[in-house]
Amino acid sequence: MMEDGFLDPVTQASIIFAMAVAIILLNVLIIATIINMRGPGEMINYYILSLAMADLLFGLLVVPLSVYPALAQDWVYGNVICRIVGYIEVTLWVICNYTFMWMSVDRYLAVRKPLRYETVQTKTRCQCWMAFTWISSAMVCCPPLLDFSDPKYDEDGYICMLDWGGMAAYTITLGCLVLGPSLITIVYTYSYIFSMMRKLKSGPPIHDKEYATALAENLSNPSHNMSFSLIMTFWLSWLPYIVVKLYEYLSGHIISFIPQLHFLLHFLVVWLGILNSVWKGIVLILMSPQFRIMLRLLCISVCCKQKSNWDVELIGMDSDD
């Protein structure tokens, strides 16, 4: 429902609430599926678990706090909560970027060192990288949290952000530290992976049969395309928001081709970016056969557990009779 080009407050709040529920339920399902896994699994599952944890925290701690402000058309929780929410947002965003970087390195090693991959990428090493990622991300995003200026509240997107404009040097440094290594690593690793796929199909045969067999087996793993799709979905979701904000910052004026739709544009680009927390689960279900198998195993284990509970209750009722 729209009035004069604007979504009415009830519709805005309903959209945000529905997204919060979808993010929470979908990522709880992903986490439960991976935790329920029995036996050895791919190391990439630890990175997917990290992404799901970040998205779940976003769905629990950030998105729900935008529902009532959308109804009230104002931030009602005070500056302290607004500052904390902004800090959580940027920290989780940085965690996702670094996790994608480690995920791309994992896929690169699977192709670059097919015979040694299992010794190079161990469970302990992956867990240490993820712990380091979460701790370092929480630390590098701290300075704006300690700034005494008021946090910024996006009146169009109903979401709080830290004030990065007053700390230009720090903001540029953080952007270089986060985006530089992650983007360069992702571009290089997946360029190598996809070039090796083409070479294996059309290039000369590899004389080392053991190496060729291991390489072909690793390249046929759907996790390469799935992980690349996760990364592309993340960036495509946030690209409209980044483009709009960069244009407005560099040009010095707000995009308003149609004045009545200015609010709608900003609302859509903010929540389209946040919607990536839902797309990740959909990409996993559609593109990962291993995840679908683990999901079926989770459903079977839950159903069997419920059935066993029912059997116990029935036995108890029979003994009472």
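Residues meeting the side chain to side chain donor-acceptor pair (under 3.5 Å) test with Glu217, sequence neighbours left out: none.
Connection of Met232 to Ile184 is not established within any shared hydrophobic cluster, with ILVMFWY side chains joined at heavy-atom distances below 4.5 Å, either directly or through further cluster members.
The aromatic ring centroids of Tyr153 and Trp75 lie less than 6.0 Å from each other. The distance between the ring centers of Trp235 and Trp93 falls below 6.0 angstrom. Ring centers of Phe194 and Phe228: under 6.0 Å apart, within the cut-off. Ring-centre distance between Tyr108 and Tyr188: below the 6.0 Å cut-off.
The 12-atom threshold is exceeded at CD of Gln127, counting heavy atoms of other residues, nucleotides or ligands nearer than 6.0 Å. The environment of Arg292 atom CZ is dense: over 12 non-hydrogen atoms of other residues, nucleotides or ligands sit within 6.0 angstrom.
Using modelled atom types, one side-chain atom of Tyr87 and one backbone atom of Ala138 make a donor-acceptor pair closer than 3.5 Å. At distances below 3.5 Å, not a single donor-acceptor pair connects side-chain atoms of Thr122 with backbone N or O atoms of Thr119. With Trp271 contributing its side chain and Gly157 its backbone, the two residues share a donor-acceptor pair below 3.5 Å.
Using a 4.5 Å heavy-atom cutoff, the side chains of Phe58 and Asn27 are not in contact.
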